[in-house]
Amino acid sequence: MRRRNIIVFILWLAIFPFGLWLVYQNFTPLQSLFDTDILFFLLLMIVVSLFPIIVNETPVFLLQAVSFAVFLIYGLFIEIVLTQISIFVLLLKLRLSKEEMIRYPLNSLMFFFLSLISGLIFYKLGGTHNYTLEITVHKIIPLVGYAVSFFVLNEILLGVIRFFIYGKRVSFIGKDFLWESITSLSVFPMGIVLYVLFKEINMFALLLVCIPLVSSAIILRMYHASLRMNQCLQKVNEIGHQLTEGLQVQQVQRIFIEKVRELFVADYTYVYKSEKDSISKIDLSQRQIEEILFKPAFKSIAEVVIRQNKPLLFRQRREWQSLLMEETEVKDIESILAIPIQTSSKIVGVLILASKKRRFFEKYQEMILSILCSYYAIALVNAVHYEETKRKSQYCSLTGVYNYGYFEELLTAEYNQFRNKKIKSLSLIILDLDFFKNINDTYGHESGNEILRQVTSRIQQRVNNQDVVARYGGEEFVILLSDIPLEQALIIAEDIRQDIASKPFHIHQDLDTHTHTEKEIMVTVSIGVAEAKEEVEDALSLVRYADRAMYNSAKKAGRNKVAVYEE
């Protein structure tokens, strides 16, 4: 990027001064550059240039109306000089960052070539500077040629700059092309009117035209801003529907981040969640949004948003720099827009958009983003409730493993995989705690519950993450082993039996109300193992076979054993 900027500055130094000198030599100014009338024209051009209409990230200036009149009155050289000064003043007002300094030579060269080539076409078509109110084809053709060539060349140069300088995709006929064409071409009749009025009433023409021109620029700017706002509101409404359709927290988070980045083309996007007086990043594992980074420096800004409970809009670096924790992380950022994400009762997070450009964000974007954050907060709460409800319907609240109802669904699904040859084998382990009723009677049901939780923990340590563990009944557990043959299932079952039988369990004597002492007790389990066969009629038959092995072989053989189902 730095090399690119240096090349552009070198090109400007090589082309602009020499080109301006050539224009002066070949197109003698029709009046002194320091004439009072010219200075007033310059003032008008500067005022008009400060109110551009932004179309598709491109400024459309009513400045062209005044510069066209200047060209017709004073010639090509003075028009180039006044246009260059006006553009320079406009860029100064924008207070460009160091990375944007390239816009000075780029805009200078662009408007130089626009003025030069359009002027040459005007002269080539027979245009002169002695126009009267009499309208003839001979007089209209040069004017139309100037306007059309200026517009076409402007589109071409913008496309070249976007592609070669900024690496953006070029589309000459986009959704804003009609609006941009009408706005750009309509300024030239204004220029002719200004020219005619100046010829008739001199300086009073500037006073008559100044107010309508500036008013038109402001009105058109407001109109286009309202169009953009309406488009954004429509998109926000669509995004809101997509968010509310999300049933999982990560799905809602992913949709929100992706749509925010599409709608607001900021350089950086940060999302923070607020939990118990602490702030942390939202954890998104999806690879497509890995660039949404968490920077501790912005944590302090998020804290201010939460504390004040209102959005914050910073147009340049000096407005927010004092809030930083670590300056080194955000050297390239200028504008910041921070929005609280809140439900009806509390703030659940903060969204921060950051841009390298000054004054990148506008006030209406703050309002739109607040609406979008409200949709997100509602969708997030709904997703949390859905996941909690789903979790309660699928998991045993005591042990944290799947319950019997959801286990049956998983068993049926895996059994169908086996029947359809998508997995080679399917094994099932069922285990029952030996003499569990004695534990409840001796130490109390809460101690019995603690035993169940500890047994669950030891089972989970012996199986893989993809294996399904469920609580089948009171003290019974089942383990579904997908694509694992019977021989390996027996090894796993024996490991579980030994792990449970070899180490004591720690409980409290709940029935002893005086001491509530901790005790160590030994627990054993009886285990049955079965493997799915082609002739098995349904999925639940696998459970019945393993259950028979456990009761008929392991339990009756003295307990604390592993038994396999045999025909």
Side-chain angles (χ1 to χ4, degrees), residues 54-57 168-169 171 174-176 224-275 279-295 298 301-302 305-306 310-314 333 335-344 346-357 360-387:
I54 307 299
V55 179
N56 197 21
E57 299 183 16
K168 294 183 178 180
R169 182 181 173 186
S171 178
K175 58 182 179 180
D176 295 313
H224 188 68
S226 67
L227 288 180
R228 284 187 296 165
M229 187 184 301
N230 288 334
Q231 291 173 356
C232 284
L233 286 172
Q234 290 176 0
K235 291 180 181 178
V236 165
N237 188 46
E238 294 172 4
I239 296 170
H241 287 300
Q242 293 180 40
L243 287 172
T244 53
E245 290 172 359
L247 297 178
Q248 297 178 340
V249 171
Q250 281 210 343
Q251 179 189 9
V252 171
Q253 290 173 345
R254 185 175 64 255
I255 293 173
F256 177 66
I257 293 296
E258 290 175 347
K259 296 305 179 181
V260 164
R261 297 191 66 202
E262 289 176 9
L263 197 57
F264 302 90
V265 190
D267 294 307
Y268 302 98
T269 305
Y270 309 100
V271 181
Y272 300 83
K273 59 181 178 181
S274 176
E275 294 181 323
I279 299 175
S280 59
K281 71 171 180 177
I282 283 184
D283 184 19
L284 297 169
S285 58
Q286 284 74 11
R287 185 169 292 180
Q288 60 266 35
I289 48 177
E290 285 180 348
E291 60 269 30
I292 302 169
L293 302 175
F294 170 73
K295 289 193 175 183
F298 282 105
I301 293 179
V305 172
I306 292 174
K310 66 178 184 180
L312 294 178
L313 175 59
F314 301 109
I333 293 176
S335 305
I336 291 178
L337 179 57
I339 306 292
I341 303 169
Q342 56 187 354
T343 62
S344 57
K346 65 177 181 177
I347 295 179
V348 296
V350 178
L351 171 69
I352 295 180
L353 302 183
S355 172
K356 298 177 182 179
K357 300 178 181 178
F360 182 79
F361 301 107
E362 299 183 37
K363 194 67 178 177
Y364 83 90
Q365 292 176 321
E366 177 186 311
M367 179 268 292
I368 289 175
L369 205 53
S370 296
I371 296 173
L372 188 55
C373 285
S374 298
Y375 279 126
Y376 170 62
I378 294 170
L380 195 62
V381 170
N382 291 340
V384 169
H385 288 165
Y386 173 81
E387 287 190 351

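In what follows, residues are counted from 1 in the order of the sequence shown.
Looking at every heavy atom in both residues, Gln248 comes nearest to Glu387 through CA-OE2, 3.3 Å. Shortest non-hydrogen contact noted between Gly246 and Ala383 is O-CB, 4.4 Å. Closest approach of Leu247 to Tyr386, counting heavy atoms only: O-CD2, 2.9 Å. Nearest approach of Gln242 to Ile255, heavy atoms of both residues: O-CD1, 3.9 Å. When every heavy atom of Phe361 is checked against every heavy atom of Ala354, the shortest pair comes out as CZ-N, 4.0 Å. Considering all non-hydrogen atoms of both residues, Ile347 and Val305 come closest at CD1-O, 4.3 Å.
Here the OG atom belonging to Ser374 is positioned 11.5 Å from the CG atom belonging to Leu243, to the nearest 0.5 angstrom. The line from CD1 of Ile306 to CD1 of Ile301 is 12.5 Å long, rounded to the nearest 0.5 Å. Interatomic distance, CG of Leu263 versus CD1 of Ile239, reported as 5.0 Å (0.5 Å rounding). Separating the NE2 atom in His241 from the OG1 atom in Thr244 is a distance of 6.5 Å, to the nearest 0.5 Å. Rounding to the nearest 0.5 Å gives a distance of 9.0 Å between CD of Glu245 and CD of Gln251. Note that CG of Leu353 is 7.5 Å distant from CD1 of Ile339, once rounded to the nearest 0.5 Å.
Here Lys259 pairs with Glu262 in a salt bridge; the nearest charged N to carboxylate O distance falls below 4.0 Å. Salt bridge Glu366/Lys363: present, at least one basic N to carboxylate O contact under 4.0 Å.
Looking only at side-chain heavy atoms (C-beta outward), Val252 and Asn382 stay at 4.5 Å or farther from each other. Looking only at side-chain heavy atoms (C-beta outward), Val236 and Tyr375 come within less than 4.5 Å of each other. In this structure the side chain of Tyr270 never reaches within 4.5 angstrom of the side chain of Val350, judged on heavy atoms. For the pair Thr269 and Leu351, the minimum side-chain heavy-atom distance is below 4.5 Å.
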* Start with the C-alpha gap between Phe256 and Leu372, add the side-chain angles, then the distance that decides, and say whether side chain to side chain contact (heavy atoms under 4.5 Å, CB included) holds. => CA-CA 8 Å; Phe256 177 66; Leu372 188 55; 4.0 Å; yes
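Remark: the backbone N or O of Phe360 is paired with a side-chain donor or acceptor of Ser335 at under 3.5 angstrom.
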